[in-house]
Amino acid sequence: PVTDSEFRGKWMLVYFGFTNCPDICPEEMRKMTRALRLLEKKDKALAHEIVPIFITCDPNRDSIQAVKMYLKDGFHERFVGLTGTPEQIKRACQRYRVYYSAPDYAEGKEDYLVDHSIFYYLMDPYGHFKEYFGKGVPVEDVAERLEQIMMEYQEQE
């Protein structure tokens, strides 16, 4: 089991989704990747303080192998993929206040979509919430806001 305490000292950019999502999840994860790339061009050291994290909200289909394969699909190479038992995922979603709803899982009936919140969250090096980014936020604004929040944080330390 992995907890957010394992990422202490690093910023976490956390997205909840599922590997069978046909459009929204890969689109948002590519947006996260592009925002990180923009930040890397501006300040590589700052960008490398961010750990991009994908947490499935479909643990019945998203095995460790499925998540690993999914993350190889054009996303940032530093993405950490997490899955777990349905109970573990439920607790993680509750902690981040992520809404998700999947139909009751039945073996052989694996063609379904999972309804879920479309946000990614920026957590500071102590695991405290700093910002969220919704679907409508342009990638350039995300990169700029990441830099701004992190620089302000460093000035306060």
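Excluded from the calculations below are hydrogen atoms, water molecules and symmetry mates; all remaining heavy atoms, backbone and side chain alike, are included.
The two residues Ala143 and Ala35 have their closest heavy-atom pair at CB-O, 3.6 Å. Summarising the geometry of Ile89 relative to Tyr100, their closest heavy-atom pair is C-OH, 4.3 Å, with the distance given to 0.1 Å.
In this structure, Arg97 is not positioned above the aromatic face of Tyr132 in the sense of NZ or CZ being under 6.0 Å from the six-membered ring centre and within 45° of the axis.
Salt bridge present: Lys31 and Glu28 bring a charged side-chain N and a carboxylate O closer than 4.0 Å.
The backbone N or O of Thr85 lies less than 3.5 Å from a partner atom in the side chain of Gln88, making a donor-acceptor pair. Listed for the Arg145 side chain is no donor-acceptor partner under 3.5 Å among the backbone atoms of Glu140. Of the possible donor and acceptor atoms, none in the side chain of Asp58 sits under 3.5 Å from a partner among the backbone N and O of Asp62.
When the options Arg30, Arg37, Arg34 are evaluated for a side-chain hydrogen bond (donor to acceptor under 3.5 Å, both in side chains) with His76, the one that passes is Arg37. Checked options Tyr70, Phe79, Phe18, Phe75; the residue passing with Phe54 is Tyr70 (criterion: ring-ring contact (aromatic ring centres under 6.0 Å, His included)).
In this structure, Tyr96 and Tyr121 have tilted ring planes: the angle between them lies in the 30° to 60° band. Note on ring orientation: taking the six-membered ring where Trp is involved, the planes of Tyr15 and His116 are perpendicular (angle over 60°, cut-offs 30° and 60°).
Residue Glu144 places its CD atom among 12 or fewer non-hydrogen atoms of other residues, nucleotides or ligands, all under 6.0 Å distant. Atom CD1 of Ile64 is surrounded by 12 or fewer heavy atoms from other residues, nucleotides or ligands within 6.0 Å.
No close placement of the Phe119 and Phe16 rings is indicated, their centers lying 6.0 Å or farther apart.
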